[in-house]
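Step one of this worksheet: look at the structure below.
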Amino acid sequence: MKISIGSDHAGLPLKQQIINHLKDKSHEINDFGTYTGESCDYPDYALKVAEDIKNGNSDLGILVCGTGIGISIAANKVPGIRAALCSDTFSAHACREHNNANILALGQRVVGEGAALDIVDTFLKSKFQGGRHEKRLDKVAKIEAKYSK
Ligand code: RB5
């Protein structure tokens with residue numbers, strides 16, 4: 001699978017752990033930074049990953065900041081992006097199965113490495129179930145369209 005990933009400085013160590021983990025599993029990784037521990041702004045990395053997903057360059061995205069909150073809020077401003085902040089594996093599969101989430105957001109200061117890697121694996125292997133969930137996502141898209149003028 002082709003995966004885009006990005007973080008701010010607060011998410012950098014976990015981003016690197018996720019990259020190592022996914023490379024070991026032979027996934028193709030597009031790393032949009034940040035690459036150093038210097039303080040930076042999470043919307044810049046949310047935008048890079050969200051646009052890469054929107055343009056169809058990758059299958060799914062992963063974003064990390066201190067809490068996962070700011071970076072998921074920013075990514076969700078890009079039309080067509082459904083970024084889900086997860087701290088547990090139930091949410092990680094439900095957000096794919098029910099919400100067709102195309103980006104997973106994680107908080108480096110919230111989840112430890114072991115839990116985070118389980119969440120990543122669960123997110124990547126889960127599939128959208130369609131059916132009744134499709135209709136609900138159509139309604140979400142209509143809200144987005146209403147305010148995208
Ligand atoms: C950076 O200190 C921190 O505010 C950021 O990583 C994130 O947690 C914001 O939501």
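No hydrogens, no waters, no symmetry mates; every other heavy atom, side chains included, goes into these values. Counting convention: from 1, in listed order, for ligands and their atoms alike.
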> Do we get R96 above F128's six-membered ring, with its NZ or CZ under 6.0 Å from the centre and within 45° of the axis?
Replying inline: no
> For atom 3 (C) of ligand 1, which protein heavy atom lies nearest, and how many Å away is it?
Replying inline: R109 NH1, 3.9 Å
> Has the side chain of R109 got a donor or acceptor atom that lies under 3.5 Å from a matching backbone atom of G66?
Replying inline: no
> Between atom NE2 of H9 and atom SG of C40, what is the distance when rounded to the nearest 0.5 Å?
Replying inline: 6.0 Å
> What side-chain hydrogen bond (donor to acceptor under 3.5 Å, both in side chains) pairs are there with at least one residue in residues 72-89, not counting sequence neighbours?
Replying inline: D88-S91
>> Taking 4.0 angstrom as the limit and counting only heavy atoms of A10, give me the atoms of ligand 1 inside it, by number and element.
In response: 6 (O)
> Which is closest to atom 7 (C) of ligand 1 in terms of heavy atoms, C65, S7, G107, A105?
Replying inline: C65
> Does a side-chain heavy-atom distance below 4.5 Å link L22 with I62?
Replying inline: yes
> Among protein heavy atoms, which sits nearest to atom 8 (O) of ligand 1, and what does the distance come to when rounded to 0.1 Å?
Replying inline: T67 N, 3.0 Å
> Which residue pairs pass the side-chain hydrogen bond (donor to acceptor under 3.5 Å, both in side chains) test with at least one member in residues 127-144, sequence neighbours excluded?
Replying inline: none
>> Test your reading of the structure: does I71 have an N or O sitting under 3.5 Å from an N or O of ligand 1?
In response: no
> Which residue supplies the protein heavy atom nearest to atom 9 (C) of ligand 1, what is that atom called, and how far is it?
Replying inline: Y42 CE2, 3.5 Å
>> Which residue and atom name correspond to the protein heavy atom nearest atom 10 (O) of ligand 1, and how close is it?
In response: G70 N, 2.9 Å
> Where on D8 is there a heavy atom closer than 4.0 Å to ligand 1, on the side chain, on the backbone, on both, or on neither?
Replying inline: side chain
>> Show the atoms of ligand 1 that are less than 4.0 angstrom away from any heavy atom in G66.
In response: 5 (C), 6 (O), 7 (C), 8 (O)
>> Is it the case that atom CZ in F90 sees more than 12 heavy atoms from other parts of the structure closer than 6.0 Å?
In response: no
